[in-house]
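One structure below.
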Amino acid sequence: MFRVMLIDDDVPMLRYLQKMLAWEEIGCQISGAVHSSVKALKQFDEIRPHLVITDIGLPQMDGIKLAEEFRRKQPEVRIVFLTCHEDFHYAQQAVQLKADDYLIKDELTADKLEASVKKSIRLARAMADHEVQLSYREEVERHKDVLKRTFLRQLEADRGEGIAMDMGRKLGIEWRHSEFIVGLGYMDLASLSGQYRLEDVELLKYAWYNIALEVLEQTGSASVFMDDPTRLVLIGNYKRDLAVNPSERMESALAELQDKTRTFLKLDTRYEISGLFSGVQSLPVVLKKLRSELGAHYYDGNRGRAIAGFTGEAYKAEGESVSLREKRDAMLAAFERGDEREVAELIAEAAEQARDSRMPAAQWTASCSEAIRLLEDESGDALPDQEMFHSLLRHTSRWEETTRLTLDRATALVRLRSAPAALPEPKLKAIDQYILNHLTEHISSVAMANKLYLNPSYFSRYFKKLTGLNFIDYAHGFKMKLAMQMLRSKEETVELVSMKLGYSDRTYFSKVFKKYNGMTPGEYKAGLK
C-alpha cells in the first residue's frame, strides 16, 4: 500500500481529508494524520511515507520548510501542498521545491485530490520500478515545457520535418492528420492592475498554461506551447471531415479556455487564429506570419470578440508620427509638482494621437518606455520591478494595454515621489468601512492601497506599523468578530455566515474562526444555547 501522511493544524480539516477519498480503493493507506510540524517531524521517521500532503500555513515551521526537511531525510518522498488563496506568493517556492501539486483549499474537490494523489503514485511507482529509467523520464517530464519550446523553435526554424517531428514524438506530440490551425494566445497585462504584481507574470503564465493543457491538450483540441513572457502557441491537428468544422472547434475550445482563465485567475487573455491549412511543412510559415503580423489588430480595441481570425493585413502609419518626447518638458514640470492628473492627461493625449495617426505599434511602445525611463531618472527612486516593466511593455499586443500600463506606471512613480510628504495616512475607520462594504469579497492589500490612492508598498509598511498586523490577518480578524455577532442570531447558520463573509468553504471558515476565537463556529454556536 502507498503510505500517505496528512499534516494540517486544523483537526477538522484533517478529518475532512481522511473522509474525502476511499483511500484504500486507490491503493493508499493513511499512515499518519498530525496537526503540528513538531509531531510531523517525529512521525515521519517512524512512518517513512511515500506521500506527504501538508498545509503550508503551519505554526512553528511552515509547510515549505517542513517539506525541505522531509526531502533532506528521504529524497524520494512525494509532496503535495494545501493552502489558501492569500498564500499565492508561496506557489513559487512550491514550484522550486518540485512538489507534485499545489492545491487551493477553497477549490479542493475529491476529484482534484484524487487526481493529485494518483499523479504522485505514478511518479513514486516509476521510481521504484526502474531507478535509471525514472531518472530519465522524470527529467523529461520536469523539463517538458522547455523541451516543447525547443521543439517549437525547431519547427519555426524549419530545420527539417523529420528531425523536428522525431523530437515531438518523444514528447508525446504526434500529429497524425493532414489539417492544421495555429493559434497565438496572449495575456492582457492591463488586467493585472490592482490584482497582481508584475513579478507574478511568470507564475500566472504557468497557471494559464496548465489550464490550457487541461482544456486543449487533454481534450485533443490542440497542442500547447510556452512562447515569449506573455504568450502561448496553440497548434490544432484535425482530420479532413466534412461533418466537423475545425475552426469552430478551435474557437469553442479557446472560448472555454478564456472563461476558465478569467474565472480562476481573474486574468484576461486574447487569441488570434489562422485559417485551416494542410501539411506540417506549412507550420513554420504560418506561425511566423501570425507572430510577425500580430500588430495587425493593435488599434482594433476589443473588436467585440476575444478570439479573432487572422487577416494578415498590418496597419501602416497614415500620418505624421508623434511621441511622448514632444511633451517631455511639460511632463517633467508636472512630475516635479506631483501633479498626477496632468501627467496622466499628457500621456493620454499622446496615446490618442498615436492611435489617430496609426503609429506603428513598436514605435508607440518604445515611446512609452522612453517616457517612463525619463520619470524614473527624474525620481531617483526605482520601483523594484523596473526592468521587468520595460520588458513586458515591449510584449503588449494592444494599444489599450500599452497605454494602460504606461498610465499606471507613471501614476505609481508620481505617488512614490510624493509618498513621504504628501500621501494622506488612511484611518482605520475608512478601512473598516471598506471591508464592511465588501464582506463577500477577498480583499488584497493591493486593492486596499489602490482604493486609498496609496503606493501598495507604502500602505503595507504603514498598516503594519499602525496595527502590528499585515492587512490580510487584520481583515480575517475583523470578519471573525462580525461572525461571532452574526452567530448569536438563531436564524444564522454557520453555512450562511460563512457565505455572507466570503468564505465559500465551511472547513476553511471554521479554521479561520478557530484561529481568532479559540473555538470552531459550531462550538461557539452550541455554547450560546
Side-chain angles (χ1 to χ4, degrees), residues 8-10 13 16 55-57 62-63 81-94 102-109 112 188 190-201 203-204 207-208 211 259-268 426 428 430-454 456-457 459-460 463-464 467 469-487 492 494-517 521:
D8 199 299
D9 61 332
D10 181 18
M13 183 64 186
Y16 179 68
D55 183 19
I56 285 182
D62 65 46
F81 287 115
L82 289 172
T83 192
C84 309
H85 278 297
E86 60 266 25
D87 288 326
F88 180 86
H89 60 281
Y90 276 117
Q92 193 166 14
Q93 295 180 57
Y102 182 86
L103 303 174
I104 306 296
K105 287 185 178 181
D106 290 357
E107 299 168 4
L108 186 62
T109 64
K112 287 184 178 180
D188 188 338
S191 66
L192 269 64
S193 181
Q195 300 186 90
Y196 300 106
R197 304 164 302 170
L198 291 180
E199 299 99 300
D200 295 328
V201 166
L203 192 57
L204 285 169
W208 173 35
I211 296 173
D259 288 342
K260 285 193 173 184
T261 305
R262 185 179 294 122
T263 299
F264 295 121
L265 301 179
K266 311 300 182 201
L267 182 70
D268 289 332
L428 278 178
I431 295 172
D432 290 350
Q433 188 60 50
Y434 186 82
I435 297 174
L436 277 172
N437 293 339
H438 300 79
L439 284 177
T440 60
E441 302 172 19
H442 171 73
I443 307 168
S444 69
S445 61
V446 173
M448 192 70 247
N450 288 340
K451 176 65 179 176
L452 297 166
Y453 302 103
L454 294 173
S457 297
F459 171 74
S460 295
F463 194 86
K464 183 79 173 181
T467 66
L469 301 170
N470 64 49
F471 177 75
I472 293 298
D473 286 338
Y474 180 86
H476 278 317
F478 183 90
K479 287 187 176 185
M480 291 309 103
K481 289 178 183 177
L482 287 178
M484 293 180 75
Q485 297 176 18
M486 295 165 73
L487 287 171
E492 297 282 12
V494 174
E495 288 78 9
L496 280 175
V497 172
S498 175
M499 294 297 292
K500 287 179 179 180
L501 294 177
Y503 298 90
S504 58
D505 180 69
R506 173 176 172 162
T507 301
Y508 176 58
F509 170 67
S510 297
K511 178 179 177 179
V512 177
F513 187 97
K514 185 175 182 180
K515 177 180 177 180
Y516 289 88
N517 298 318

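In this text the structure is predicted, and so the values were computed from the model without any measurement.
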Min side-chain heavy-atom separation Ile472-His442 under 4.5 Å: yes

Just wondering, do Asp200 and Gln195 contact through their side chains at under 4.5 Å, heavy atoms? no

Is any side-chain heavy atom of Leu496 closer than 4.5 Å to one of Met499? no

4.5 Å side-chain heavy-atom contact, Asp188 and Leu267: no

For Leu436 and Leu482, the nearest pair of non-hydrogen atoms, with its separation, is CD2-CD1, 3.8 Å

Of the non-hydrogen atoms in Tyr516 and Asp473, which two are nearest, and what is the gap between them? OH-O, 3.1 Å

Is the shortest side-chain heavy-atom distance between Asp106 and Tyr503 below 4.5 Å? no

Test side-chain contact (heavy atoms from CB on, under 4.5 Å) on Leu108 and Leu82 and set out the steps. CA-CA 9 Å; Leu108 186 62; Leu82 289 172; 4.0 Å; yes

Which residues satisfy the salt bridge (charged side-chain N to carboxylate O under 4.0 Å, His left out) test with Lys500, sequence neighbours excluded? Glu492

My understanding is that only residues two or more places apart in sequence, or in another chain, count here; which of them pass salt bridge (charged side-chain N to carboxylate O under 4.0 Å, His left out) with Asp505? none

Residue list, salt bridge (charged side-chain N to carboxylate O under 4.0 Å, His left out) with Lys514, at least two apart or on another chain: none

Looking at Leu103, is its backbone amide N or carbonyl O close enough to the side chain of Glu107 to form a donor-acceptor pair, meaning the two atoms are under 3.5 Å apart? no

Partners of Tyr474 by ring pair (Phe, Tyr, Trp, His ring centres under 6.0 Å), sequence neighbours excluded? Phe463

Distance-minimising heavy-atom pair for Phe509 and Pro521: CE2-CG, 3.8 Å

Backbone N or O of Arg506 within a donor-acceptor pair of the Ser510 side chain at under 3.5 Å? yes

CD1/Ile431 to CD1/Ile443 distance, rounded to the nearest 0.5 angstrom? 10.5 Å

Within 45° of the axis and under 6.0 Å from the centre of the six-membered ring of Phe264, does NZ or CZ of Lys112 qualify? yes

When rounded to the nearest 0.5 angstrom, what is the spacing between OH in Tyr508 and OH in Tyr16? 15.0 Å

Residues forming a ring pair (Phe, Tyr, Trp, His ring centres under 6.0 Å) with Tyr434, sequence neighbours excluded: His438

How about NZ on Lys481, more than 12 heavy atoms from neighbouring residues, nucleotides or ligands closer than 6.0 Å, or not? no

Say you draw a straight line from CG of Asp62 to CG of Asp9; how long is it, rounded to the nearest 0.5 Å? 11.5 Å

4.5 Å side-chain heavy-atom contact, His476 and Lys515: no

For Asp268, give me all partners under side-chain hydrogen bond (donor to acceptor under 3.5 Å, both in side chains), at least two apart in sequence or on another chain. Arg262

Closest non-hydrogen atom pair between Leu265 and Tyr196, with its separation: O-OH, 2.6 Å

Taking the side chain as everything from C-beta on, heavy atoms only, tell me whether Asp55 gets closer than 4.5 Å to Lys511. yes

Would you say Thr83's side chain and Ile104's backbone share a donor-acceptor pair under 3.5 angstrom? no

Using the rule given for salt bridge (charged side-chain N to carboxylate O under 4.0 Å, His left out), can you reason through Lys105 versus Asp8, listing the C-alpha separation, both sets of side-chain angles and the distance that settles it, and then say yes or no? CA-CA 12 Å; Lys105 287 185 178 181; Asp8 199 299; 2.8 Å; yes

Does the side chain of Phe513 come within less than 4.5 Å of Met484's, by heavy atoms? yes

